[in-house]
Number of protein chains: 2
Amino acid sequence: EGALVRAVTHTKGEVKVVLEALPDVPGVAARVFTALAQQNIQVDMIIQGRGREGRNDIAFTVAQDDSAAALAACRQVGAEVGARRVAAEEAAKVSVVGAGINQDARVAAAMFECLAELGINIEMISTSGIRVSCLIRPDRADEAVRALHARFIGPAEAS
Amino acid sequence: EGALVRAVTHTKGEVKVVLEALPDVPGVAARVFTALAQQNIQVDMIIQGRGREGRNDIAFTVAQDDSAAALAACRQVGAEVGARRVAAEEAAKVSVVGAGINQDARVAAAMFECLAELGINIEMISTSGIRVSCLIRPDRADEAVRALHARFIGPAEAS
Ligand SMILES: C[C@@H](O)[C@H](N)C(=O)O
Ligand SMILES: C[C@@H](O)[C@H](N)C(=O)O
């Protein structure tokens with residue numbers, strides 16, 4: 001499955017913002033991102049898993065420089081809609097990229113296994129047509145990238 | 001922000017499989033997807049939000065034809081690692097696609113607002129560099145696509 005992966009990328013210095021236990025009803029996601037849009041905040045990943053008992057979390061990542069404004073906007077919306085908690089923390093994103101990889105469970109399996117072998121916990125996962133991305137602790141990012149690069153691209157040093 | 005969106009796409013006949021309350025420790029995601037890979041199951045979206053209290057959910061989507069095998073594989077892994085519940089249900093994925101859109105909170109906000117205006121609940125969200133995808137109820141998919149197409153592409157009928 002390595003033949004499908006053409007790049008390993010990572011982003012450090014991202015901040016993950018999470019709104020916990022929002023009401024899982026139409027209009028809530030719109031309110032959160034409208035508030036962010038009004039501040040011209042650029043958003044990288046947006047992840048929302050399944051809701052439970054009428055509540056759901058929304059998480060997204062922003063660059064460090066936008067994190068204070070993003071957190072303030074989310075605290076405001078969170079208070080308005082009754083989120084249980086709004087919090088931010090630093091995160092690193094590591095991704096494998098390649099045509100069609102997300103259709104192949106083997107690429108995801110190999111990526112997750114590679115991180116597991118290093119004892120790196122996968123905190124969040126998001127995929128698209130050509131990319132599988134994991135959020136991990138920033139202090140493990142360099143190590144993760146080297147291992148993923150060796151696993152998928154080859155033994156040359158990751159740039 | 002509509003200028004950034006070049007397509008509205010949707011996939012019906014997907015099945016969303018969810019493993020609830022998995023142990024949030026290294027190796028668990030790898031086990032799930034290794035089991036799926038061993039059955040040559042093709043996976044579309046993978047979404048994992050933040051964990052809580054040492055547990056996390058993993059959700060992914062597969063084509064209808066793979067759903068029985070995927071569910072069986074996940075029930076097996078779920079039992080081995082102590083998931084609270086493993087379940088599957090039909091879902092529709094609607095996406096807006098365009099260069100750089102995920103960097104712009106306005107595109108996400110507009111997409112979510114469009115769905116909210118129709119009273120369509122956004123069940124899950126995943127983004128990548130060029131795509132924002134939402135999982136919604138299949139019986140709302142046609143309506144959602146028409147509205148998103150009108151909002152972002154123009155008044156011509158969605159094909
Ligand atoms: C939680 C949030 O995504 C909500 N379900 C909405 O549709 O806006
Ligand atoms: C829940 C699962 O993703 C776990 N955190 C892992 O790293 O495998």
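Quick note on labels: first sequence line is chain A, next is B, and so on, each numbered from 1.
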Is it the backbone or the side chain of [X] that comes under 4.5 Å from a heavy atom of chain A, or both, or neither?
{"X": "Asp24(B)", "answer": "both"}
{"X": "Asn56(B)", "answer": "side chain"}
{"X": "Leu36(B)", "answer": "both"}

Toward chain B, the part of [X] with a non-hydrogen atom under 4.5 Å:
{"X": "Ile47(A)", "answer": "both"}
{"X": "Arg52(A)", "answer": "side chain"}
{"X": "Ser133(A)", "answer": "neither"}
{"X": "Asp57(A)", "answer": "side chain"}
{"X": "Ala59(A)", "answer": "neither"}
{"X": "Glu20(A)", "answer": "side chain"}

Open item on the list: Among Ala109(B), Ala108(B), Gly27(B), Ala116(B), which residue has the highest count of heavy-atom pairs closer than 4.5 Å to chain A?
Closed with: Ala109(B)
Open item on the list: Using modelled atom types and a 3.5 Å cut-off, is there a donor and acceptor pairing between side-chain atoms of Gln48(A) and backbone atoms of Glu123(B)?
Closed with: yes
Open item on the list: Please check: side-chain N/O of Ser126(A) versus main-chain N/O of Ser126(B), any donor-acceptor pairing under 3.5 Å?
Closed with: no
Task: Greater than 12 external heavy atoms within 6.0 Å of Glu143(B)'s CD - done: yes
- [ ] Report the distance from atom CG of Leu19(A) to atom CZ of Arg50(B), rounding to the nearest 0.5 Å.
- [x] 10.0 Å
Open item on the list: For the CZ atom of Arg106(B) and the CD atom of Gln38(A), what is their distance to the nearest 0.5 Å?
Closed with: 11.0 Å
May I ask you to name which of [options] has the most heavy-atom pairs under 4.5 Å with chain B?
{"options": "Ala29(A), Pro26(A), Ala30(A)", "answer": "Pro26(A)"}
{"options": "Leu118(A), Asn40(A), Ile122(A), Leu135(A)", "answer": "Ile122(A)"}
{"options": "Gly51(A), Ala37(A), Ser95(A)", "answer": "Ala37(A)"}

Open item on the list: Show the nearest heavy-atom pair for residues Ile46(B) and Thr127(A), with the distance to one decimal.
Closed with: N-OG1, 2.8 Å
Task: same_hphob_cluster(Val18(B), Phe112(A)) at 4.5 Å side-chain heavy-atom cutoff - done: no
